[in-house]
Structures are given as C-alpha cells and as structure tokens.
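Have a look at the structure below before the remarks.
What's counted below: heavy atoms across the whole structure, side chains too, no hydrogens, waters or symmetry copies.
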Amino acid sequence: MDIEDIQSPRDYLIYSKEEVHHYSPAIGKLLDLSTSYVYDAEKAYAEGKINAVWSRASGWEIPLAYASDIIPVAFSEMGRLSDLESVTIAEDYYQFPQETCSMVKCTVGQWHKRRGTGIKRIIGASVACEPYNLAWELMRKEDYDVHAIDVVYRAPGVKGERLEQLVQFLIEQIYETAQWLTGSKEINEDKLKIEILRKNRLIAKVRKVLELRLKHPYYMRSLPSIYLLTGLNTYFGKPAEYEAVLDDLIRELETAPVNQRDLDKVIPLVWVGSAGQEFGIYEAIDQAGGALLGFRGYPFNNYDETLPPVEALARHVLGNQEAGASIYVQKVIEQELKKVKARGLVLYGYLGCSYGSVAREMWRDYFHKKGFPSINIEGTFQVGPPTGQILTRIRAFVEMLA
C-alpha cells in the first residue's frame, strides 16, 4: 500500500505496519492488537466467552474490572469505527447541538447502532463533561445499564485531613462500583493486588520503551507510539499479549544499531492531548522530521504495593499529577519537555470540547510566555481525513523547528 492509497484510519494502520514498520514484528503486533480490540471483545462477549463492559479509556475502574474477571472495552476506541452516520444519529435522533464535542456524538451514535445487541453495560463518569452526562441519561433510556461514578479531584495544596476525606470518599466509590460490576461489594483483594502488580510492571516496561526511543527516535513512529500508551490503560483487552509485545519491542530496541544521522536531524516533540483519529496528522509530523517522544497523559506514577489494594487504588488516583487541576498537568508537560529535550509542543483536542479547548489555551499561553513554541490544533473524532489546513499548519510548525 502506498501513502496515496490511504482512505481511512484502517488504511493508515495497514500502511504503518506493512510499509513504515515492516522491519518490526513487535510494532506490527501492537497495531494488530489496537485494530482488533473492539471487534474481538464484542465477538467474545457475543459467544459467551467473556464478560465485558464499556469503559473509559483510562481510569481506576479498569484494574477493578480485570480483578472482577470483566474485560473493560474503551468506548473511545469506537472513534475509528465511526463516520458521518454516527454523528448524524446523535444530532438528528438525540438532538445533540451541532457544536457538541464530536467524541460524544460518535460514541452515542455507535451505542445507538448497537441497541439490543452486544455489550449492554456502561461505566461513565458523572463529571466527565456535560455532554457525556447527557449521554449517560440517554443510554439509560435505550435500556443500557449505566453506572456513572463520581470522579474525585484533588485541588492544588489539598493534603492532611481533607486529603484523607477524599481518599475515603473514593474508596466508597470503588466498593459501589464493585457492587455494580459483580453484584457484591466484596472485592477479591488478591486479584486486585495482581492487577496492581501488573500495572506497575507494565508501567516500567513502557517507561523503558520510551527511554530507548530517545536513542532510536524513528524506529517507532508517531502512530504506534500513541497506541503503545493507550494500550497501557486497557491492554486492548488482552493483558498477556500486550505485555508480550512490550517485551519484544524492548528486545528490538536494545539490539537495534544507533543511527547518528537520525539523532542529528530529529525534531523532538511533546504531544499533549487525546489520541487523534485523523491519522494523517501523525504522518504529517513524521514526514516533516518530527518525532513524538514525550506525552502529557502518562506521568507513570506507580501504585504503592505496600498498601491494601483498594487503598492503593484510591491513593494512586489522588496522588497522580493529573488528578484535577490543569496546573498539575502543566508540571507534567514541563517535565516531559525537559526529559526529551523537546523543540516544540503539539496541543491536540476534539472539535466542540469546550473544557479541553480552555485547558489547551491556558497551556499555550503559559509556554508562549516562556518562549517555547507550540501549536494548538483541533480535529474530529469520527473517521475522515484531516483538513488540508490542519496538515499544512502541522507541517509548517515542525519544519519551522528544524
């Protein structure tokens, strides 16, 4: 397949596997896991082989679900399955305003098309955003079983007694979610402990991959780098296979010869935002000589293995630098910029997401005042090529940094 033949995100995945990364079996397996995630989970569920729920792409409920022998299926992955029809369903049937976040509209459209069949349970978050709050209520009316957890945020400076109150509140949420998942508030702490140990082990392996990429910036290009990180959240429903991919990738990177020419010409970038579905943006970055080597969304805080598992889960959330205020995220971005010696910052979000646009503008202004180059771009969640304007902007930005 040539780049000129690409018409869809699936085509990009095939192109990335067979043309760009033909030399790497590990990257090929990673892309296969990502491509088959939703299809395989829905098929196994329909055949009665697994229990599954629709879940956020990241969150404390994921290790809890695995500990309960339930596969979490990230509904954000449905973006690659979405098209204009999904958006139209949300706007016409459910009367979502046209300016509503494209991610929410695509997700609702996909769930609408799955009514009466497939996975019927959804874990949401009550304060994720107002459009998603509406989505949960609409899906309840469509006979989905929806559990909206109360997200706990830790404001800057919160510690001591107030922090302990937040920990206890979150622990209560964990037990309530366990009851919704299994019918009982009793949690198998041995299994949850296994999931915590697994998560820490995989965090260490992903961290190792990212460190090795600093010496091999073009070995794994932008698209699989994003899916390496999204896989760290859900393991694409196949934890053992995902870990095997990490092991293979580490071996490949450790034995690959260092190319000094690549190190001399690479333009290190930090990506701040969601996993964009418009894969042409990643291709434009690659063609301009850029490499996504740092990421805002993954500070890689470990779980405390010395604590009881439920408490460890709660304290991990509230100790995470992304648990609330955007100023925490700002610090993560600064750490990533220094770590990879980045020359530029790419801020990416979905059209119609007012919360994300405010945060990105705040970060853009902060780093602009520090004299650090950044670009703020918005894309759509559904399938479709990026606009020519976006591609022109991203190419010009990366080339400006050369």
Looking only at the side chains, is there a donor atom on one of Gln260 and Asp264 sitting less than 3.5 Å from an acceptor on the other?
yes

Return yes if a side-chain donor-acceptor contact under 3.5 Å exists between His147 and Thr177, otherwise no.
yes

For residues 23-45, the ring-ring contact (aromatic ring centres under 6.0 Å, His included) pairs (sequence neighbours left out) are Tyr23-Tyr219, Tyr37-Phe236

For Val398 against Gly289, the heavy-atom pair lying closest together:
CG1-C, 4.4 Å

Looking at every heavy atom in both Ile377 and Arg360, which two are closest together, and how far apart are they?
O-NE, 4.2 Å

Residues two or more places apart in sequence or in another chain: which of them pass side-chain contact (heavy atoms from CB on, under 4.5 Å) with Glu164?
Arg315

Contacts of type ring pair (Phe, Tyr, Trp, His ring centres under 6.0 Å), residue Phe372, not counting sequence neighbours:
none

Residue pairs fulfilling salt bridge (charged side-chain N to carboxylate O under 4.0 Å, His left out) with at least one residue in residues 172-185, sequence neighbours excluded:
none

Aromatic ring proximity, centroids under 6.0 angstrom, Tyr132 and Trp136
yes

Please verify the inter-ring angle class for Trp111 with Phe75; under 30° counts as parallel, over 60° as perpendicular, anything in between as tilted.
perpendicular

Pro217 to Val266 - nearest heavy-atom pair and separation
CB-CG2, 3.6 Å

Just jot down the side-chain contact (heavy atoms from CB on, under 4.5 Å) partners of Glu47, sequence neighbours excluded, or say none.
Lys43, Lys49

Output side-chain donor-acceptor pairs under 3.5 Å for residues 115-122, partner residues at least two apart or in another chain, one line each.
unit_1	atom_1	unit_2	atom_2	d
Arg115	NE	His112	O	3.1
Arg115	NH1	Glu142	OE1	3.3
Arg115	NH2	His112	NE2	3.3
Thr117	OG1	Arg114	O	3.3
Arg121	NE	Asp145	OD2	3.4
Arg121	NH1	Leu181	O	3.2
Arg121	NH2	Trp180	O	2.2

Closest heavy-atom contact between Glu195 and Pro63?
CG-O, 3.6 Å

Just how far is it from atom CD of Glu77 to atom OG1 of Thr234, taken to the nearest 0.5 Å?
6.5 Å

